[in-house]
Amino acid sequence: MRVSVDPERCQGHARCMLGAPRIFDLDDETGQSVVLLDELPGDLEAAARSAADECPEGAISVLDRVQPQEIA
Ligand code: SF4
């Protein structure tokens with residue numbers, strides 16, 4: 001599973017970081033959320049989905065990994 005933050009939407013109020021500090025941090029320069037992990041371990045998947053649901057700007061996307069055989 002992967003997570004991304006849309007910088008066009010993120011307003012930097014840190015709700016994601018407070019709820020899931022192993023996944024999100026705020027960039028010191030931009031004040032926006034950044035994702036700390038390229039690939040999330042299974043134990044963080046629920047926290048990532050919760051952060052996406054609770055982001056008031058709808059800035060967080062959660063992408064399930066697509067298996068190569070599913071693309072064809
Ligand atoms: S909760 Fe959403 S808008 Fe707020 S800092 Fe996190 S990603 Fe950005």
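Counting starts at 1 for both ligands and their atoms, following the listed order.
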### Query
Nearest protein heavy-atom contact for atom 7 (S) of ligand 1: which residue, which atom, what distance?
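Here the closest protein heavy atom is I60 CG1, 3.6 Å.
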#### Entry: Shortest protein contact, atom 8 (Fe) of ligand 1 (heavy atom only)
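Protein heavy atom at minimum distance: C10 SG, 2.4 Å.
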With a 4.5 Å limit on heavy-atom distance, are the side chains of [X] and [Y] in contact?
X   : Y   : value
R22 : D43 : yes
F24 : V5  : yes
P56 : R15 : yes
L44 : L37 : yes
I23 : C16 : no
Q11 : Q32 : no

#### Entry: N/O donor-acceptor pair under 3.5 Å between R2 side chain and L63 backbone
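It does not hold such a pair.
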#### Entry: C16 near atom 6 (Fe) of ligand 1 via N/O/S, less than 2.8 Å
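Given the 2.8 Å cut-off, C16 counts as a ligand of atom 6 (Fe) of ligand 1.
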Please could you name the atoms of ligand 1 that [X] approaches to less than 4.0 Å, counting only its heavy atoms?
X   : value
G12 : 5 (S), 8 (Fe)
R15 : 1 (S)
E57 : 3 (S)
Q11 : 3 (S), 8 (Fe)

### Mode of H13 contact toward ligand 1 - side chain, backbone, both, neither (heavy atoms, under 4.0 Å)
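Contact part for H13 vs ligand 1: both backbone and side chain.
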### Query
atom 5 (S) of ligand 1: which of G58, A51, G31, A14 has the nearest heavy atom?
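Answer by nearest heavy atom: A14.
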### Query
Are any N, O or S atoms from C55 nearer to atom 4 (Fe) of ligand 1 than 2.8 Å?
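So C55 does not bind atom 4 (Fe) of ligand 1 by this criterion.
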